[in-house]
Amino acid sequence: GFDYNHICLDGVSVGVDSLKYKDPELTLNIRSVTAHEQSGLNITSLSGKVYMDSLYLSLQNVNLATPHSTISGGVNMDFDAFDEVHPGKIYAKANASIGRNDLLLFARDYLPKELVSAWPYAPLDANIVAQGNMQRLDISTCNVGIPSVFNASVSGFAAQLTGMDKLRAELKLDATTYNMSIFTAFLDKDTRKMVSIPSGIVAHGDVQVAGPAYDAQMKLSQGGGYAN
(Lines give C-alpha, C1' and ligand atoms only; values in the text may rest on other atoms or scores of the structure.)
Protein backbone atom coordinates (compact mmCIF):
# COMPACT_ATOMS: atom_id res chain seq x y z
CA GLY A 1 0.00 0.00 0.00
CA PHE A 2 0.88 3.67 0.00
CA ASP A 3 3.57 4.52 2.55
CA TYR A 4 2.66 7.92 4.04
CA ASN A 5 5.83 7.94 6.12
CA HIS A 6 8.24 7.53 3.20
CA ILE A 7 6.99 9.48 0.19
CA CYS A 8 9.51 9.50 -2.63
CA LEU A 9 8.83 11.05 -6.05
CA ASP A 10 10.87 10.63 -9.20
CA GLY A 11 10.38 11.59 -12.83
CA VAL A 12 8.87 14.87 -11.67
CA SER A 13 8.00 17.38 -14.37
CA VAL A 14 6.23 20.69 -13.68
CA GLY A 15 4.88 23.16 -16.24
CA VAL A 16 3.66 26.59 -15.09
CA ASP A 17 1.96 29.10 -17.39
CA SER A 18 2.05 32.03 -15.02
CA LEU A 19 3.20 32.94 -11.53
CA LYS A 20 2.41 36.18 -9.73
CA TYR A 21 3.36 37.06 -6.17
CA LYS A 22 2.63 40.33 -4.44
CA ASP A 23 2.57 39.99 -0.67
CA PRO A 24 0.27 38.56 0.58
CA GLU A 25 -1.20 37.31 -2.74
CA LEU A 26 0.02 34.37 -4.79
CA THR A 27 -1.50 33.39 -8.14
CA LEU A 28 -0.28 30.30 -9.94
CA ASN A 29 -1.52 28.63 -13.12
CA ILE A 30 -0.25 25.05 -13.26
CA ARG A 31 -0.27 23.72 -16.81
CA SER A 32 0.98 20.20 -16.13
CA VAL A 33 2.60 18.02 -13.48
CA THR A 34 3.75 14.43 -13.92
CA ALA A 35 5.43 12.26 -11.31
CA HIS A 36 5.86 8.69 -10.07
CA GLU A 37 5.74 7.75 -6.39
CA GLN A 38 7.65 4.71 -5.14
CA SER A 39 4.51 3.05 -3.73
CA GLY A 40 3.09 2.80 -7.26
CA LEU A 41 1.09 6.00 -7.74
CA ASN A 42 1.72 7.36 -11.22
CA ILE A 43 0.49 10.91 -11.88
CA THR A 44 0.19 11.30 -15.63
CA SER A 45 -1.43 14.75 -15.54
CA LEU A 46 -2.19 17.43 -12.97
CA SER A 47 -3.32 20.97 -13.73
CA GLY A 48 -5.20 23.78 -12.05
CA LYS A 49 -5.30 27.37 -10.87
CA VAL A 50 -4.12 28.41 -7.41
CA TYR A 51 -4.86 31.64 -5.57
CA MET A 52 -3.76 32.25 -1.99
CA ASP A 53 -3.46 35.18 0.39
CA SER A 54 -3.11 35.46 4.14
CA LEU A 55 -6.77 34.56 4.74
CA TYR A 56 -7.93 32.41 1.86
CA LEU A 57 -7.01 29.56 -0.50
CA SER A 58 -8.66 28.79 -3.83
CA LEU A 59 -7.94 25.79 -6.06
CA GLN A 60 -9.93 25.91 -9.29
CA ASN A 61 -10.19 23.82 -12.45
CA VAL A 62 -8.13 21.08 -10.83
CA ASN A 63 -7.72 18.01 -13.04
CA LEU A 64 -5.75 14.98 -11.90
CA ALA A 65 -5.22 11.82 -13.91
CA THR A 66 -3.43 8.52 -13.41
CA PRO A 67 -3.51 5.50 -15.73
CA HIS A 68 -6.52 4.25 -13.76
CA SER A 69 -8.33 7.30 -12.36
CA THR A 70 -9.50 10.85 -12.99
CA ILE A 71 -10.42 13.55 -10.48
CA SER A 72 -11.64 17.07 -11.22
CA GLY A 73 -13.00 19.82 -9.04
CA GLY A 74 -12.17 22.79 -6.89
CA VAL A 75 -11.88 24.08 -3.32
CA ASN A 76 -12.38 27.50 -1.74
CA MET A 77 -11.21 27.61 1.86
CA ASP A 78 -10.92 30.26 4.54
CA PHE A 79 -7.83 29.51 6.61
CA ASP A 80 -9.89 29.96 9.78
CA ALA A 81 -12.43 27.34 8.69
CA PHE A 82 -11.32 25.01 11.50
CA ASP A 83 -11.40 27.64 14.26
CA GLU A 84 -13.69 26.82 17.18
CA VAL A 85 -15.06 30.39 17.40
CA HIS A 86 -16.55 32.18 14.35
CA PRO A 87 -14.96 29.81 11.81
CA GLY A 88 -14.79 30.56 8.12
CA LYS A 89 -16.07 28.16 5.48
CA ILE A 90 -14.91 25.60 2.98
CA TYR A 91 -16.60 25.00 -0.36
CA ALA A 92 -15.61 21.88 -2.26
CA LYS A 93 -16.79 20.07 -5.35
CA ALA A 94 -15.31 16.98 -6.96
CA ASN A 95 -16.03 14.50 -9.71
CA ALA A 96 -13.97 11.35 -9.48
CA SER A 97 -13.59 7.97 -11.10
CA ILE A 98 -11.14 5.94 -9.01
CA GLY A 99 -9.78 2.77 -10.55
CA ARG A 100 -9.24 -0.40 -8.57
CA ASN A 101 -5.45 -0.14 -8.62
CA ASP A 102 -5.38 3.37 -7.17
CA LEU A 103 -8.17 2.71 -4.66
CA LEU A 104 -6.49 -0.38 -3.24
CA LEU A 105 -3.10 1.36 -3.21
CA PHE A 106 -4.48 3.65 -0.49
CA ALA A 107 -7.09 1.36 1.10
CA ARG A 108 -5.53 -2.12 0.99
CA ASP A 109 -4.02 -1.92 4.48
CA TYR A 110 -7.41 -1.02 6.00
CA LEU A 111 -9.59 -3.65 4.29
CA PRO A 112 -9.99 -7.38 4.99
CA LYS A 113 -7.88 -9.35 2.53
CA GLU A 114 -10.98 -11.25 1.36
CA LEU A 115 -12.65 -7.98 0.41
CA VAL A 116 -9.50 -6.84 -1.41
CA SER A 117 -9.49 -10.07 -3.45
CA ALA A 118 -13.18 -9.72 -4.33
CA TRP A 119 -13.07 -6.00 -5.16
CA PRO A 120 -14.35 -5.48 -8.73
CA TYR A 121 -12.30 -3.94 -11.53
CA ALA A 122 -15.01 -1.35 -12.20
CA PRO A 123 -14.14 2.15 -10.93
CA LEU A 124 -15.58 3.83 -7.86
CA ASP A 125 -17.43 6.91 -9.13
CA ALA A 126 -18.18 9.91 -6.92
CA ASN A 127 -19.74 13.34 -7.36
CA ILE A 128 -19.62 15.56 -4.27
CA VAL A 129 -20.59 19.17 -3.54
CA ALA A 130 -20.40 20.39 0.05
CA GLN A 131 -19.76 23.57 2.01
CA GLY A 132 -19.41 24.61 5.62
CA ASN A 133 -17.08 24.00 8.53
CA MET A 134 -16.77 21.85 11.65
CA GLN A 135 -19.80 23.57 13.17
CA ARG A 136 -22.06 22.77 10.22
CA LEU A 137 -21.46 21.02 6.92
CA ASP A 138 -24.12 21.20 4.21
CA ILE A 139 -24.03 18.38 1.66
CA SER A 140 -25.95 19.34 -1.45
CA THR A 141 -24.67 16.44 -3.56
CA CYS A 142 -22.95 13.20 -2.62
CA ASN A 143 -23.37 10.45 -5.20
CA VAL A 144 -21.18 7.36 -4.88
CA GLY A 145 -21.31 4.09 -6.77
CA ILE A 146 -19.58 1.20 -8.45
CA PRO A 147 -21.16 0.10 -11.75
CA SER A 148 -22.85 -3.30 -11.37
CA VAL A 149 -22.46 -3.15 -7.54
CA PHE A 150 -24.39 -0.20 -6.08
CA ASN A 151 -25.36 3.45 -6.41
CA ALA A 152 -26.06 5.69 -3.44
CA SER A 153 -26.81 9.36 -2.92
CA VAL A 154 -26.85 11.38 0.30
CA SER A 155 -27.86 14.98 0.94
CA GLY A 156 -28.51 17.03 4.04
CA PHE A 157 -26.37 18.46 6.80
CA ALA A 158 -24.15 17.45 9.69
CA ALA A 159 -23.29 19.71 12.62
CA GLN A 160 -20.90 19.71 15.58
CA LEU A 161 -18.42 17.47 13.80
CA THR A 162 -15.76 17.71 16.50
CA GLY A 163 -17.19 14.88 18.60
CA MET A 164 -19.63 12.01 18.23
CA ASP A 165 -21.35 12.91 21.51
CA LYS A 166 -22.37 16.30 20.08
CA LEU A 167 -22.91 15.29 16.45
CA ARG A 168 -26.19 16.28 14.87
CA ALA A 169 -27.25 15.34 11.36
CA GLU A 170 -30.25 15.14 9.07
CA LEU A 171 -29.60 13.15 5.93
CA LYS A 172 -31.67 11.88 3.03
CA LEU A 173 -30.51 8.56 1.56
CA ASP A 174 -31.31 6.89 -1.74
CA ALA A 175 -29.57 3.69 -2.80
CA THR A 176 -29.86 0.83 -5.27
CA THR A 177 -27.98 -2.45 -5.00
CA TYR A 178 -26.92 -4.75 -7.81
CA ASN A 179 -24.29 -7.44 -7.24
CA MET A 180 -23.26 -6.96 -3.60
CA SER A 181 -21.32 -10.21 -3.26
CA ILE A 182 -18.08 -8.33 -2.61
CA PHE A 183 -19.44 -7.28 0.79
CA THR A 184 -20.07 -10.88 1.87
CA ALA A 185 -16.69 -12.08 0.63
CA PHE A 186 -14.97 -11.42 3.96
CA LEU A 187 -17.50 -13.48 5.97
CA ASP A 188 -16.41 -16.95 6.99
CA LYS A 189 -17.44 -19.74 4.67
CA ASP A 190 -20.34 -21.05 6.78
CA THR A 191 -21.83 -17.59 7.38
CA ARG A 192 -21.44 -16.72 3.71
CA LYS A 193 -23.73 -19.64 2.81
CA MET A 194 -26.48 -18.13 4.96
CA VAL A 195 -26.12 -14.50 3.84
CA SER A 196 -27.28 -13.23 0.47
CA ILE A 197 -27.93 -9.64 -0.51
CA PRO A 198 -30.50 -9.64 -3.32
CA SER A 199 -29.93 -7.63 -6.45
CA GLY A 200 -32.25 -4.73 -7.15
CA ILE A 201 -32.91 -3.51 -3.59
CA VAL A 202 -34.04 0.11 -3.70
CA ALA A 203 -33.81 2.11 -0.47
CA HIS A 204 -35.20 5.56 0.30
CA GLY A 205 -35.09 7.11 3.70
CA ASP A 206 -34.20 9.78 6.21
CA VAL A 207 -31.60 9.51 8.94
CA GLN A 208 -31.42 11.77 11.99
CA VAL A 209 -28.55 11.85 14.46
CA ALA A 210 -28.51 13.59 17.83
CA GLY A 211 -25.36 12.65 19.70
CA PRO A 212 -25.56 8.94 20.56
CA ALA A 213 -29.19 8.70 19.38
CA TYR A 214 -29.92 7.57 15.83
CA ASP A 215 -33.29 7.46 14.08
CA ALA A 216 -33.87 6.10 10.58
CA GLN A 217 -37.08 5.98 8.58
CA MET A 218 -36.45 3.74 5.60
CA LYS A 219 -38.47 2.19 2.80
CA LEU A 220 -36.95 -0.84 1.07
CA SER A 221 -38.30 -2.43 -2.08
CA GLN A 222 -37.19 -5.36 -4.20
CA GLY A 223 -39.15 -6.90 -7.00
CA GLY A 224 -42.80 -6.59 -6.04
CA GLY A 225 -42.24 -6.42 -2.29
CA TYR A 226 -41.36 -3.65 0.11
CA ALA A 227 -40.67 -3.05 3.78
CA ASN A 228 -40.66 0.00 6.03
For a 4.5 angstrom cut-off between non-hydrogen side-chain atoms, does Ser148 reach Asn179? no

At what distance, to the nearest 0.5 angstrom, does CG of Leu115 lie from CZ of Arg108? 11.0 Å

Test item: Gln38 side-chain N/O and His6 main-chain N/O as donor-acceptor pair under 3.5 Å: yes

Residues 50-58, side-chain donor-acceptor partners within the protein, below 3.5 Å, at least two apart:
unit_1	atom_1	unit_2	atom_2	d
Tyr51	OH	Glu25	OE2	3.1
Tyr51	OH	Asp53	OD2	3.2
Asp53	OD1	Leu55	N	2.8
Asp53	OD1	Tyr56	N	2.8
Tyr56	OH	Asn76	OD1	3.3
Ser58	OG	Gln60	NE2	3.4
Ser58	OG	Asn76	OD1	2.9

Quick check for you: to the nearest 0.5 Å, what is the distance between Tyr178 atom OH and Asn151 atom CG? 4.5 Å

Report yes or no: do Ile90 and Phe79 belong to one cluster of Ile/Leu/Val/Met/Phe/Trp/Tyr joined by side chain heavy-atom distances under 4.5 Å? yes

ILVMFWY network linking Leu9 to Leu41, side-chain heavy atoms under 4.5 angstrom: yes

Closest heavy-atom pair, Val209 versus Gly211, reported as atoms and distance to 0.1 Å, is CG1-O, 3.6 Å

Does the side chain of Met218 reach to within under 4.5 Å of the side chain of Leu173, using non-hydrogen atoms? yes

Atom OH of Tyr4 with >12 non-hydrogen neighbours under 6.0 angstrom: yes

Leu26 versus Leu19: any side-chain heavy-atom pair under 4.5 Å? yes

Quick one: closest heavy-atom pair of Pro87 and Asp83, and the distance? CB-O, 3.2 Å

Go through Val144 and Phe150 one step at a time and tell me if the side-chain contact (heavy atoms from CB on, under 4.5 Å) criterion holds. CA-CA 8 Å; Val144 180; Phe150 77 97; 4.3 Å; yes

About how many Å separate CG of Leu220 and CD1 of Ile201, when rounded to the nearest 0.5 Å? 7.0 Å

With rounding to the nearest 0.5 Å, note down the distance linking CG in Asp109 to CZ in Phe2. 11.5 Å

Same cluster for Ile71 and Leu59 if Ile/Leu/Val/Met/Phe/Trp/Tyr side chains link at under 4.5 Å? yes

Please check if Phe157 and Phe82 belong to a single hydrophobic cluster, counting links between Ile, Leu, Val, Met, Phe, Trp and Tyr side chain heavy atoms closer than 4.5 Å. no

Value for CG (Leu105) from CD1 (Ile98), rounded to nearest 0.5 Å, stands at 11.5 Å

Asp174/Ser153 under side-chain contact (heavy atoms from CB on, under 4.5 Å): CA gap, chis, key distance, verdict: CA-CA 5 Å; Asp174 296 285; Ser153 64; 3.5 Å; yes

Value for NZ (Lys93) from OG (Ser72), rounded to nearest 0.5 Å, stands at 8.5 Å

Applying side-chain hydrogen bond (donor to acceptor under 3.5 Å, both in side chains), name anything that partners Thr177, two or more places apart in sequence or on another chain. none

Please list, one pair per line, the donor and acceptor atoms closer than 3.5 Å that link side chains of residues 159-167 to other protein atoms, with sequence neighbours excluded.
none

So which atom in Ser140 and which in Ser155 form the shortest heavy-atom distance, rounded to 0.1 Å? O-CB, 3.9 Å

Is it true that a side-chain atom of Asp10 and a backbone atom of Cys8 form a donor plus acceptor pair closer than 3.5 Å? no

Is there a side-chain contact between Leu104 and Leu111, using heavy atoms and a 4.5 Å cut-off? yes

Residues at least two apart in sequence or cross-chain that pass salt bridge (Lys or Arg N to Asp or Glu O under 4.0 Å) with Arg31, listed by chain then number, are Asp17

State, with a plain yes or no, whether a side-chain heavy atom of Asp206 is found less than 4.5 Å away from one of Glu170. no

Please set out all donor-acceptor pairs under 3.5 angstrom arising from side-chain atoms of residues 42-49, sequence neighbours excluded.
unit_1	atom_1	unit_2	atom_2	d
Thr44	OG1	Ala65	O	3.0

Mind listing the side-chain donor-acceptor pairs of residues 117-134 below 3.5 Å, one per line with the distance, residues two or more places apart or on another chain?
unit_1	atom_1	unit_2	atom_2	d
Ser117	OG	Lys113	O	3.1
Asp125	OD1	Ser97	OG	3.1
Asn133	OD1	Gln135	N	2.9
Asn133	OD1	Arg136	N	3.1
Asn133	ND2	Gly88	O	2.9

Taking side chain as C-beta onward, heavy atoms only, is Val33 less than 4.5 Å from Leu64? no

